[in-house]
Engineer: 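After the structure tokens below, expect a handful of questions from me.
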Amino acid sequence: TLAVFYPFVHLVDVMVPGNPDFIVQTPQDAAHYGVSIGANPYIGRHIAMGHTVFNTVYVILFLPFTNMLATLVTRIIPEPKQKEKVSPVQFAHINYSLIATPSLGIIEAEKEMESMARRVLKNSARIHDIIVEKRGIDTAYAKIEHSEEMIDEYRKMITEFLLSLSQQTLSHEEAVKVGNYITCAHNLEKYADYIFNSSRVYNRMKEENVQFSESARQTLHSLADEIENFYESTIPLFTSMDDIDIKAHMEQAESTKRRIKNAIREAKIEHFRRLQEKVCQSENSLYFTEILNNLDGMVSQVFNINETLCGYKFSN
């Protein structure tokens with residue numbers, strides 16, 4: 001094993017710049033690398049590359065035997081007659097053995113955060129299409145409800161893992177990331193909660209045969225478009241921050257949040273004016289206001305997601 005191990009370590013060191021044994025010992029080095037004294041600024045990259053190379057070699061070596069192994073496993077463990085309900089825990093990137101290596105654990109948590117964000121994106125698209133009347137509430141409501149349960153599981157799983165990770169010895173930068181990611185998972189879940197609440201409002205409206213006025217519908221259409229675009233703008237933050245101007249992105253997010261929230265406030269004022277003029281039916285007012293409140297909550301959560309991923313919630 002050692003005959004393979006040392007050449008493997010040497011290969012990784014050649015592929016990744018920076019001495020993995022380098023330890024920051026002076027204030028000048030700490031300022032240069034943006035870490036605290038005692039930190040190892042290069043070890044995380046080497047561990048991540050080692051993990052990637054090992055998995056790649058492992059796949060290449062065992063790929064020819066995939067069918068044989070699949071047949072053997074199927075014979076040893078027959079497929080159950082009734083499949084169990086799939087939980088995010090069953091297909092998570094996260095492995096608790098990574099707790100001892102915080103830098104690698106954070107990388108894997110980031111992958112799971114992206115999976116959660118994309119599941120939320122599906123529900124976000126569904127409620128958008130309901131509001132702009134591209135699809136009915138019938139089938140979409142059931143899908144939103146099921147996906148909401150999965151999103152709750154994601155939040156619980158990610159939070160528990162990150163809390164366990166926080167009990168390890170972390171650099172300041174790693175501790176900041178853990179705090180931001182715990183908060184972001186909560187923000188994603190809250191955004192999804194507002195989606196589910198809105199879908200329940202539309203479901204009740206269908207049951208009671210309630211219809212909004214044309215003016216109210218157009219207002220909701222416009223707001224739904226803007227909020228959907230606002231949430232979609234956060235997705236690149238989950239994949240790579242390298243090509244993103246963080247300051248400019250946050251300035252744009254702040255401006256977008258302010259604009260949409262002002263539009264929601266104006267929509268409420270305009271709605272009360274229509275009520276006074278008896279253009280809208282008073283029995284529909286509760287539904288319309290409830291949806292506006294949910295949309296307002298969605299905007300807040302999207303901005304919070306931007307803050308956490310850009311490091312503005314818990315800063316370095």
Engineer: Treating Ile, Leu, Val, Met, Phe, Trp and Tyr as nodes and any side-chain heavy-atom pair under 4.5 angstrom as an edge, say whether Val132 and Ile260 lie in one connected cluster.
Structural biologist: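 No, no single cluster joins them.
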Engineer: Answer yes or no: is there a donor N or O on one side and an acceptor on the other, between the side chain of Thr159 and the main chain of Arg155, under 3.5 Å?
Structural biologist: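 Here the side-chain-to-backbone pair exists.
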Engineer: Do Ile151 and Leu188 come within less than 4.5 Å of each other through their side chains, counting heavy atoms only?
Structural biologist: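 Sidechains of Leu188 and Ile151: no contact.
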Engineer: Checking Asn123 side chain against Arg119 main chain: does a donor-acceptor pair fall under 3.5 Å?
Structural biologist: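 Pair absent, no side-chain N/O of Asn123 close to backbone of Arg119.
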Engineer: Measuring from atom CD1 of Ile305 to atom SG of Cys310, what distance do you get when rounded to the nearest 0.5 angstrom?
Structural biologist: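 Nearest 0.5 Å value for the CD1-SG distance: 11.5 Å.
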Engineer: If you define the side chain from C-beta out and look only at heavy atoms, does anything of Arg126 sit under 4.5 Å from Asp129?
Structural biologist: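 In short, these two side chains do not touch, never coming nearer than 4.5 Å.
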Engineer: Checking Ser255 side chain against Gln252 main chain: does a donor-acceptor pair fall under 3.5 Å?
Structural biologist: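 No.
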Engineer: Which pair of heavy atoms, one from Ala185 and one from Met116, lies closest together, and at what distance?
Structural biologist: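 For Ala185 and Met116, the tightest heavy-atom pair comes out as O-CE, 3.4 Å.
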Engineer: Working note: Asn304 + Glu307, criterion side chain to side chain contact (heavy atoms under 4.5 Å, CB included); need CA distance, chi angles, decisive distance, verdict.
Structural biologist: CA-CA 5 Å; Asn304 290 341; Glu307 277 194 315; 3.8 Å; yes
Engineer: Just wondering, do Ile131 and Leu295 contact through their side chains at under 4.5 Å, heavy atoms?
Structural biologist: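 SC-SC contact between Leu295 and Ile131 confirmed.
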Engineer: Applying side chain to side chain contact (heavy atoms under 4.5 Å, CB included), run through Lys190 and Met298 and close with a yes or a no.
Structural biologist: CA-CA 8 Å; Lys190 290 298 295 180; Met298 290 167 67; over 6 Å; no
Engineer: Would Glu207 and Arg204 pass as an ion pair if we require N to O under 4.0 Å?
Structural biologist: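 No salt bridge links Glu207 with Arg204.
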Engineer: Kindly compute the distance separating NZ (Lys143) from OG (Ser147), expressed to the nearest 0.5 Å.
Structural biologist: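 Lys143 atom NZ to Ser147 atom OG measures 11.0 Å (nearest 0.5 Å).
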Engineer: Kindly determine whether Glu114 and Thr239 satisfy side chain to side chain donor-acceptor pair (under 3.5 Å), including the steps that lead there.
Structural biologist: CA-CA 7 Å; Glu114 181 186 354; Thr239 55; 5.7 Å; no
Engineer: Look at Glu189 together with Lys156 and state whether they make a salt bridge at an N to O cut-off of under 4.0 Å.
Structural biologist: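 Salt bridge absent between Glu189 and Lys156.
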Engineer: Tell me, with the steps shown, if Tyr287 and Glu208 meet side chain to side chain contact (heavy atoms under 4.5 Å, CB included).
Structural biologist: CA-CA 11 Å; Tyr287 293 117; Glu208 299 174 15; 2.4 Å; yes
Engineer: State, with a plain yes or no, whether a side-chain heavy atom of Asp193 is found less than 4.5 Å away from one of Asp152.
Structural biologist: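 Yes - at least one pair of side-chain heavy atoms lies under 4.5 Å apart.
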Engineer: Ser300 and Lys257: side-chain donor and acceptor closer than 3.5 Å?
Structural biologist: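 There is no such pair between these side chains.
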Engineer: I need the single residue from Ile182, Ile106, Thr101 that forms a side-chain contact (heavy atoms from CB on, under 4.5 Å) with Leu165. Which is it?
Structural biologist: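 Of all the options given, the one that passes is Ile106.
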Engineer: In Å and rounded to the nearest 0.5 Å, what is the CD to OG distance from Glu270 to Ser215?
Structural biologist: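 Between atom CD of Glu270 and atom OG of Ser215 there are 6.0 Å.
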Engineer: For Glu110 and Tyr181, run side chain to side chain donor-acceptor pair (under 3.5 Å): C-alpha distance rounded to whole Å, both residues' side-chain angles, the deciding distance at 0.1 Å, then the answer.
Structural biologist: CA-CA 8 Å; Glu110 289 171 349; Tyr181 290 166; 2.7 Å; yes
Engineer: Using every non-hydrogen atom in the two residues, find where Ser199 and Ile127 come nearest and quote the distance to one decimal.
Structural biologist: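 The answer is N-CD1, 3.7 Å.
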Engineer: Tell me whether the guanidinium CZ or amine NZ of Arg200 lies under 6.0 angstrom from the six-membered ring centre of Phe196 and within 45° of its axis.
Structural biologist: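 The answer is yes, since Arg200 meets both limits relative to Phe196.
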Engineer: Can you list every ring-ring contact (aromatic ring centres under 6.0 Å, His included) pair that touches residues 217-270, not counting sequence neighbours?
Structural biologist: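 Qualifying pairs, neighbours excluded: Tyr191-Tyr231.
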Engineer: Is there side-chain contact between Asp225 and His128, with at least one heavy-atom pair below 4.5 Å?
Structural biologist: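 A side-chain contact under 4.5 Å exists here.
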Engineer: Are the side chains of Ile246 and Ile244 in contact, using a 4.5 Å heavy-atom criterion?
Structural biologist: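 Yes; the side chains approach each other to less than 4.5 Å.
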Engineer: Measuring from Lys261:NZ to Glu266:CD, what's the distance to the nearest 0.5 Å?
Structural biologist: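 If we round to the nearest 0.5 Å, Lys261:NZ and Glu266:CD are 14.0 Å apart.
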Engineer: Checking the side chain of Ser124 only, and the main-chain atoms of Val120 only, is there a donor and an acceptor separated by less than 3.5 Å?
Structural biologist: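 Absent.
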Engineer: Are Glu254 and Arg258 within salt-bridge range, i.e. N to O under 4.0 Å?
Structural biologist: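 Salt bridge flag = yes for Arg258 with Glu254.
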Engineer: For Thr52, is there any backbone N or O sitting under 3.5 Å from a side-chain donor or acceptor partner on Thr56?
Structural biologist: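 Yes; at least one donor-acceptor contact below 3.5 Å.
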Engineer: Do Glu174 and Lys177 meet the salt-bridge criterion of a basic N to acidic O distance under 4.0 Å?
Structural biologist: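 No, no charged N to carboxylate O under 4.0 Å.
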Engineer: Would you say Asn209's side chain and Met205's backbone share a donor-acceptor pair under 3.5 angstrom?
Structural biologist: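 No, the answer is negative, given that no donor and acceptor are paired below the 3.5 Å cut-off.
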Engineer: Check whether Leu170 and Ile23 end up in the same hydrophobic cluster, where Ile, Leu, Val, Met, Phe, Trp and Tyr are linked by side-chain heavy atoms less than 4.5 Å apart.
Structural biologist: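 Each belongs to a different hydrophobic cluster.
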Engineer: Under 4.0 Å between a Lys/Arg side-chain N and an Asp/Glu carboxylate O for Lys206 and Asp138?
Structural biologist: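 The answer is yes: the pair qualifies as a salt bridge.
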Engineer: How long is the gap from CE on Met150 to OH on Tyr154, to the nearest 0.5 Å?
Structural biologist: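 Reported to 0.5 Å precision, the distance equals 6.5 Å.
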Engineer: Rounded to the nearest 0.5 Å, how far does CD1 of Ile264 lie from CD1 of Ile291?
Structural biologist: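 That separation rounds to 12.0 Å.
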Engineer: For residues Leu309 and Asn180, determine if any side-chain heavy atom of one lies less than 4.5 Å from a side-chain heavy atom of the other.
Structural biologist: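 Contact flag for Leu309/Asn180 side chains = no.
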Engineer: Would you mind reporting whether Met250 and Phe303 have side-chain heavy atoms less than 4.5 Å apart?
Structural biologist: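 Of all side-chain heavy-atom pairs linking Met250 with Phe303, at least one is under 4.5 Å.
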Engineer: Taking ring pair (Phe, Tyr, Trp, His ring centres under 6.0 Å) as the definition, give me every residue that meets it alongside Phe212, ordered by chain and number, with sequence neighbours left out.
Structural biologist: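 Partners of Phe212 under the ring pair (Phe, Tyr, Trp, His ring centres under 6.0 Å) test: Phe288.
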Engineer: Using a 3.5 Å distance criterion without hydrogens, assess whether the side chain of Ser115 forms a donor-acceptor pair with backbone atoms of Lys111.
Structural biologist: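 Yes, Ser115 side chain to Lys111 backbone: donor-acceptor pair under 3.5 Å.
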Engineer: Please confirm whether the backbone N or O of Leu286 pairs with a side-chain atom of Thr289, one donor and one acceptor, at under 3.5 Å?
Structural biologist: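 Not confirmed, Thr289 side chain does not pair with Leu286 backbone.
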Engineer: When you measure from the side chain of Asp296 to the backbone N and O of Leu292, does any donor-acceptor pair fall under 3.5 Å?
Structural biologist: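 Checking the backbone N and O of Leu292 against the side chain of Asp296, no donor-acceptor pair under 3.5 Å is found.
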Engineer: Might you work through the side chain to side chain contact (heavy atoms under 4.5 Å, CB included) test for Met113 and Cys184, ending with a clear yes or no?
Structural biologist: CA-CA 8 Å; Met113 290 278 290; Cys184 187; 3.4 Å; yes
